[in-house]
Novice: 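This is the structure, below, for whatever I ask next.
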Amino acid sequence: MRATHGIFAALSAGLSLSSAAACSKQGLLLVSSYPFESSPGEIVKGGVTTLKLGNKGLEQVGEISSICGTNPSWQTLVGGDQYYCINENFDDGPGAFTSAKVNTDGTLAFVGNSSTPGGPVHIALFGENGERAITSNFASSSFDVFNIEDPAKLQSLDNKPFPPRADNETITSRPHQAVVDPTGGFVVIPDLSVDVLHIFSIDQTALTLTELPAHLFGNGTGPRHAAFLKSGDKTFLYVIAEKKVSILGFEVSYGTNSLTLSEKFNIRTDGSENAPAEGSSGAEITISPDNKFLTVSTRNETTLEYTSVADGTKIPSDALNTFSIDPATGELTHVQSAPAGGSFPRHFSFNKDGSLVAVACGGENRVNVFERDVGTGIIGKAVGERVLTTQVNHVIFKE
């Protein structure tokens, strides 16, 4: 179980803040969270919290849900109301993969679930109609493939274990994500610990996976998450390195049943030449809905400052770093380093039109929503914030 005593325990022990900033956007957010040690020996169980964004900022809807277990750390929404989540359960045995329906008020209704090996941290769907799901099982060095054609009967079809690093068998595989390429014919899996990108082809008829030669990174890179971009007749892949706190850019080449990568650049997550702050790490990487900008989050740098819209408190903040993407070359140009609204922004997401960005800052158990200029990619003022009683780790819009 991951339970963290955050740096703002007094706030998270029972005080929730909601901004009074007016917001023309309305909608719901779903927030997963780890357990939180509110005081020595007192653990608040994690779960999924629904927040409503409106003219009063962010307001909580109902109580925290335990449908996904008490250690959920990834959520996927399909078609507006079909919802999937995983219970990471990092060091307490098997994990879980759960399906639910999102009610109109944002509360969750259980549909079905299945057990997974320990420590799932990500869900990816593949197949023409999303008939299969991959759970990346961080703690158990593997991934599972599920048949999800009937969300009430999630059926495990395959488990693929990964070996330790070839040159040092004490370093255990830690797959952290699975990403399907734009053709739907391949999936890549960043392995944070053994510094490889596992590559599989997808038989789009049988919906089975075949392992291909992996892409190798330098030792200590720590590939965490990745994002594909189809731009004209070219395809690019961007990888955020947790340990090196960098962004690696690749051009993708396809052959007969093959996907290979040619590295184009390796830059700091803030676009600078400065060495990363000691103890900092890369976290999330996301391409904007219009495919024109790339944004990444970093953790434990806290070089910026955020002013709470609820009470004016000034908070040390990690950054959301935004880059424009050259559609012809895939090269990145730094646009902005914006406060994430607190520390340890493990995850963030855009709404459908890219005009809002929601951030889960685990350091303060705080969820923030910011305006975003779709044309320039600039992240602007906060229009909502909420401090929860659990350690937030993932946030998505339900529109």
Side-chain angles (χ1 to χ4, degrees), residues 4-12 15-21 23 29 31 33-34 36 51 53 57-58 224-225 240 242 245-247 268-272 274-286 288 293-323 334-351 355-373 376-395:
T4 303
H5 193 138
I7 60 175
F8 282 79
L11 282 176
S12 297
L15 176 60
S16 292
L17 302 177
S18 177
S19 81
C23 179
L29 293 90
V31 184
S33 57
Y34 292 129
F36 180 74
L51 301 177
L53 177 65
L58 283 176
R224 178 182 174 89
H225 284 184
I240 186 164
E242 177 173 319
V245 201
S246 66
I247 305 168
R268 279 272 286 116
T269 52
D270 64 359
S272 76
N274 301 326
E278 184 176 355
S280 62
S281 62
E284 191 56 273
I285 183 167
T286 300
S288 60
F293 299 92
L294 179 144
T295 300
V296 298
S297 63
T298 55
R299 298 178 290 184
N300 203 34
E301 285 189 319
T302 55
T303 56
L304 303 178
E305 187 175 76
Y306 167 72
T307 302
S308 168
V309 296
D311 60 7
T313 301
K314 294 186 181 301
I315 301 167
S317 179
D318 286 322
L320 298 180
N321 297 300
T322 295
F323 299 80
H334 183 255
V335 171
Q336 180 196 31
S337 292
S343 62
F344 288 83
R346 177 185 173 94
H347 181 260
F348 64 91
S349 64
F350 300 117
N351 66 340
S355 62
L356 296 173
V357 56
V359 190
C361 289
E364 299 79 25
N365 303 344
R366 182 186 299 270
V367 179
N368 306 284
V369 179
F370 297 94
E371 291 182 335
R372 178 178 175 275
D373 187 304
T376 65
I378 295 292
I379 295 170
K381 69 178 182 180
V383 293
E385 64 179 41
R386 191 84 180 180
V387 175
L388 303 185
T389 59
T390 48
Q391 189 192 21
V392 299
N393 54 42
H394 193 265
V395 55

Novice: For residues Thr389 and Phe36, report the shortest heavy-atom separation together with the two atoms involved.
Specialist: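 Between these two residues, the closest heavy atoms are O-CB, 3.5 Å.
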Novice: Could you check whether any side-chain N or O of Ser288 sits under 3.5 Å from a backbone N or O of Phe293, counting only pairs where one atom can act as donor and the other as acceptor?
Specialist: yes
Novice: What is the distance from atom CZ of Phe323 to atom CD1 of Ile247, rounded to the nearest 0.5 Å?
Specialist: 4.0 Å
Novice: Quick check: does any side chain N or O of Ser349 sit under 3.5 Å from a backbone N or O of Val395, one acting as donor and the other as acceptor?
Specialist: yes
Novice: Are Val357 and Thr295 packed together at the side-chain level, in the sense that at least one heavy-atom pair is separated by less than 4.5 angstrom?
Specialist: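 When only atoms from C-beta onward are counted, Thr295 and Val357 do not touch, as no gap falls below 4.5 Å.
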Novice: Say you draw a straight line from CD1 of Ile315 to CG of Asp318; how long is it, rounded to the nearest 0.5 Å?
Specialist: 12.0 Å
Novice: Could you please spell out the steps behind the side chain to side chain contact (heavy atoms under 4.5 Å, CB included) verdict for His334 and Asn321?
Specialist: CA-CA 8 Å; His334 183 255; Asn321 297 300; 4.2 Å; yes
Novice: Calculate, to the nearest 0.5 Å, the distance between atoms CD and CD1 belonging to Glu242 and Ile285 respectively.
Specialist: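 The distance works out to 13.0 Å.
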Novice: To the nearest 0.5 angstrom, please state how far the NE2 atom of His225 sits from the OG atom of Ser297.
Specialist: 9.5 Å
Novice: With a 4.5 Å cut-off on side-chain heavy atoms, are Thr376 and Val335 touching?
Specialist: no
Novice: Where is the tightest heavy-atom contact between Ser343 and Thr302, given as atom of each residue plus distance?
Specialist: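 What the structure gives for the nearest pair is CB-CG2, 3.9 Å.
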Novice: Before you tell me yes or no, could you show the steps for Val309 and Asn368 under side chain to side chain contact (heavy atoms under 4.5 Å, CB included), namely the whole-Å CA-CA distance, both residues' side-chain angles and the distance that decides it to 0.1 Å?
Specialist: CA-CA 10 Å; Val309 296; Asn368 306 284; over 6 Å; no
Novice: For the pair Asn393 and Gln391, evaluate side chain to side chain contact (heavy atoms under 4.5 Å, CB included) and give the outcome as yes or no after the intermediate values.
Specialist: CA-CA 6 Å; Asn393 54 42; Gln391 189 192 21; over 6 Å; no
Novice: For atom CD of Glu305, decide whether the heavy atoms of other residues, nucleotides or ligands shown that lie under 6.0 angstrom number more than 12.
Specialist: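 Buried by this count: over 12 neighbours within 6.0 Å.
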Novice: Quick one: does any side-chain atom of Asn300 pair with a main-chain N or O of Gly279 as donor and acceptor, under 3.5 Å?
Specialist: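 Side chain of Asn300 to backbone of Gly279: a pair is present.
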Novice: Looking at every non-hydrogen atom in both residues, tell me the closest pair between Ile240 and Glu284 and how far apart they are.
Specialist: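 Looking at all heavy atoms of both residues, the closest pair is CD1-O, 3.6 Å.
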Novice: To the nearest 0.5 Å, what is the distance between CG on Leu294 and OG1 on Thr322?
Specialist: 8.0 Å
Novice: Scan side-chain atoms only and decide if Glu385 and Tyr306 contain a donor-acceptor pair under the 3.5 Å cut-off.
Specialist: yes
Novice: Would you find a donor on one side and an acceptor on the other, under 3.5 Å apart, between the side chain of Ser317 and the backbone of Gly341?
Specialist: yes
Novice: Going from CZ on Arg366 to CZ on Phe344, what distance comes out if it is rounded to the nearest 0.5 angstrom?
Specialist: 15.0 Å
Novice: Output yes when a side-chain donor or acceptor of Gln336 lies under 3.5 Å from a complementary backbone atom of Ile379, and no otherwise.
Specialist: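 Indeed, once roles are kept as given, a pair shorter than 3.5 Å links the two residues.
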Novice: Just say parallel, tilted or perpendicular for the rings of His347 and His394, cut-offs at 30° and 60°.
Specialist: parallel
Novice: Walk me through whether Thr298 and Asp270 qualify under side chain to side chain contact (heavy atoms under 4.5 Å, CB included).
Specialist: CA-CA 9 Å; Thr298 55; Asp270 64 359; over 6 Å; no
Novice: Return yes if some donor-acceptor pair links the side-chain N/O of Arg299 with the main-chain N/O of Ala283 below 3.5 Å, else return no.
Specialist: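 The answer is no, because no donor-acceptor pair under 3.5 Å joins these two groups.
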Novice: Minimum heavy-atom separation for Leu29 and Ala358, please, with both atom names.
Specialist: CD2-CB, 3.4 Å
Novice: Any side-chain heavy-atom pair from Leu51 and Val369 closer than 4.5 angstrom?
Specialist: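 They are not in contact (no side-chain heavy atoms under 4.5 Å apart), so the answer is no.
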